[in-house]
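Naming: A, B, ... by sequence-line order, numbering from 1 per chain. Computed over heavy atoms, backbone and side chain alike; hydrogens, waters and symmetry mates excluded.
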Amino acid sequence: MSISLPADEPPRAGIAARLGGGAGPFVLGLPALVFLLLLFVGPVLRLLVLSVEGGDLAAYEKAVTDGLYLTVFWETFRIAAIVTAASIVLGYPVAYWLTTVSRTTAAIGFACILVPLMTSVLVRTYAWMVILGRNGIINRALRDWGLIDAPLPLLHNLPSVVIGMTHVLLPMFILPVYSVMVRVDRELLRAADGLGASGGQIFARVYFPLTWPGVLAGGTLVFIVALGFYITPALLGGGRIIMIANVIENQVQTLLDWRFASALSMVLLLATLAIQAASSRVQAPRG
Amino acid sequence: MVTAPSRRPSLPLRLTGIGKRFGAVVAVGGVDLTVEAGEFVTLLGPSGSGKTTLLKVVAGFEAPDRGTVHIGATDVTRMPPGRRNIGMVFQNYALFPHMTVARNVAFPLSVRHVAREEIGRRVAAALALVELGGYDERLPAQLSGGQQQRVALSRAVVFDPGLQLLDEPFGALDRRLRQQLQEEVRRLQRRLGLTAVFVTHDQEEALLLSDRIAVMNQGAIEQIGPPHEIYARPRTVFAAGFIGESNLWSGPVTARDGADVTIAADGMNLRARAPAVASGGSATAMVRPERVRLLGGAEPADNRVSARVEEISYLGQTQKYLLAAGSRRLTAVWDLTAAPVGSIAVGACVTVGWSAADVHLIAG
């Protein structure tokens with residue numbers, strides 16, 4: 001998956017020439033290309049072949065017509081959308097804050113963002129189970145303070161899945177948005193200020209449109225990664241929240257229906273590619 | 001052709017005792033300055049002289065530690081930038097890259113909720129003023145640097161600001177474009193009767209554009225006056241050195257003879273016409289290079305020096321000569337009728353001189 005961030009045009013020609021002409025960059029990219037062909041394109045093609053095994057599209061027909069699977073697809077997209085929205089609402093102010101503080105504070109802030117990113121998803125999800133569980137930290141505290149008699153059902157529902165997924169994905173939103181925000185020329189904000197715009201107008205007409213590419217890149221990244229989430233909905237959803245990856249796993253592990261699992265995977269892949277294509281066509285809002 | 005008659009009038013600017021420090025550094029130390037309505041005043045000085053800080057105080061981007069800023073009759077010292085109704089032009093244009101030219105120019109109007117039809121009319125007029133009609137739908141990135149700065153200029157006048165501020169607006173442009181835009185800025189400012197404060201470190205630019213120049217140094221205005229006065233009669237050695245080239249010698253005033261005085265400077269006796277300077281004090285004598293004349297053998301002059309030509313620079317209409325008389329260095333600029341190209345070679349000995357009236361004395 002490629003997320004395109006606006007970047008200054010690198011001096012490609014010069015570097016390519018120094019590395020030995022047109023073939024140079026290709027040679028440099030070769031190991032990665034081989035890696036991707038063997039470990040990504042190969043398996044995807046294998047899935048494609050598996051999904052049409054028997055020479056018909058029956059598996060696809062089932063995937064896109066059966067109400068059960070349509071519901072799961074719908075639920076998957078809905079959760080991904082909620083998580084994306086939550087990431088934008090929570091992440092945008094944090095990214096902005098990081099652009100306004102001193103270098104030291106920003107470094108500490110980034111550490112706080114990156115350390116969770118480098119922690120296993122499994123660990124972080126279990127941590128949420130410890131926090132949200134029946135005898136988890138929150139319920140225990142509320143009971144000790146006498147605020148509740150019976151534990152609240154904080155786990156195994158949509159909010160818990162959204163919380164867990166947003167926690168995992170938030171850094172992936174903050175980083176691209178931050179990278180766009182730091183490049184916004186402060187003089188433009190000053191100019192808008194001087195020309196008579198209010199704080200709200202400066203944000204709506206200048207700052208937000210200028211940072212929109214970052215929001216789009218970060219949002220697309222979060223949405224696409226969220227579509228394929230497996231561990232978090234499995235553990236925090238407790239079987240009640242089912243996303244498409246859980247269904248695919250179930251088809252493979254329990255029902256041993258590789259053909260249908262492959263068809264579902266291909267549909268998910270196509271949906272992902274479609275979203276990627278759509279997001280690259282979205283125009284920045286004009287002030 | 002343009003909406004000049006319907007414009008709201010430009011306003012005078014009055015700064016009183018403006019002081020601003022950053023930590024231990026005094027950026028601006030007690031500046032008083034009045035700019036009349038419709039006047040073009042340049043703040044001229046080297047970097048660190050406080051000119052940009054002073055401009056930011058006027059614009060509202062910096063709050064002064066003390067002093068007041070009045071635009072017209074209104075005290076704007078504590079007013080946010082947007083409420084001051086100032087048209088500001090930045091060095092890097094500060095055009096909004098995601099908006100078309102028309103939307104950029106419309107910005108100050110649309111944030112003021114001006115009616116749509118009126119915005120269209122005024123934007124068209126403002127773009128016509130800078131000869132950019134037909135560029136409405138371009139994005140800033142599709143324009144040259146000069147065109148971008150013209151868009152910025154028209155954005156800064158479209159909303160009838162009481163005052164226009166220009167922060168080194170030509171710094172990023174090449175020489176030719178800079179000259180074109182200088183003329184354009186001056187034309188626009190005169191035509192619209194704008195009160196303008198212009199910041200630059202380029203003395204040529206200041207001389208060309210200004211009604212008055214305020215020479216700034218170390219956070220203070222050293223001298224303020226019309227360009228010809230600043231050039232011919234600088235009040236401080238700094239102003240003399242910063243504007244134009246000059247030959248400067250300092251020493252004690254040793255004798256008075258009618259209106260003339262004699263200064264013993266650098267081992268020579270300089271005669272200067274300075275009725276007001278008292279004998280006994282010390283002074284710095286300034287002679288502009290174009291006032292230094294090439295003398296024939298018997299030609300009389302108040303001051304005569306024999307010198308050797310060290311260096312010649314060809315400047316087109318004139319040539320600049322670096323002369324050495326003993327340990328003294330002296331610069332002269334002669335046009336091609338006074339000294340045709342090739343008539344004087346490096347290493348030649350020449351006699352030069354200047355009249356007492358061409359010596360400007362700076363006390364101290």
Legend entry - Atom group of A:E187 that falls short of 4.5 Å from chain B, counting heavy atoms: both
Legend entry - Toward chain B, the part of A:D185 with a non-hydrogen atom under 4.5 Å: neither
At a heavy-atom separation under 4.5 Å, does [X] approach chain A through its side chain, its backbone, both, or neither?
X: B:L95; result: backbone
X: B:F61; result: side chain
X: B:R84; result: neither
X: B:N92; result: both

Straight-line distance of [X] [atom1] to [Y] [atom2], nearest 0.5 Å:
X: A:L188; Y: B:M99; atom1: CG; atom2: CE; answer: 9.0 Å
X: A:T211; Y: B:H98; atom1: OG1; atom2: NE2; answer: 9.5 Å
X: B:F90; Y: A:R190; atom1: CZ; atom2: CZ; answer: 6.5 Å

Inset, instruction - Please indicate whether A:R186 has more than 12 foreign heavy atoms, meaning atoms of other residues, nucleotides or ligands, lying under 6.0 Å from its CZ. - result: yes
Inset, instruction - For atom CZ of B:R83, decide whether the heavy atoms of other residues, nucleotides or ligands shown that lie under 6.0 angstrom number more than 12. - result: no
Inset, instruction - Sequence neighbours left out, what passes ring pair (Phe, Tyr, Trp, His ring centres under 6.0 Å) with A:Y230? Give chain and number order. - result: none
Inset, instruction - Specify the closest pair of heavy atoms between B:V111 and A:L195, including all atoms of both residues, with the distance to one decimal. - result: CG2-O, 3.9 Å
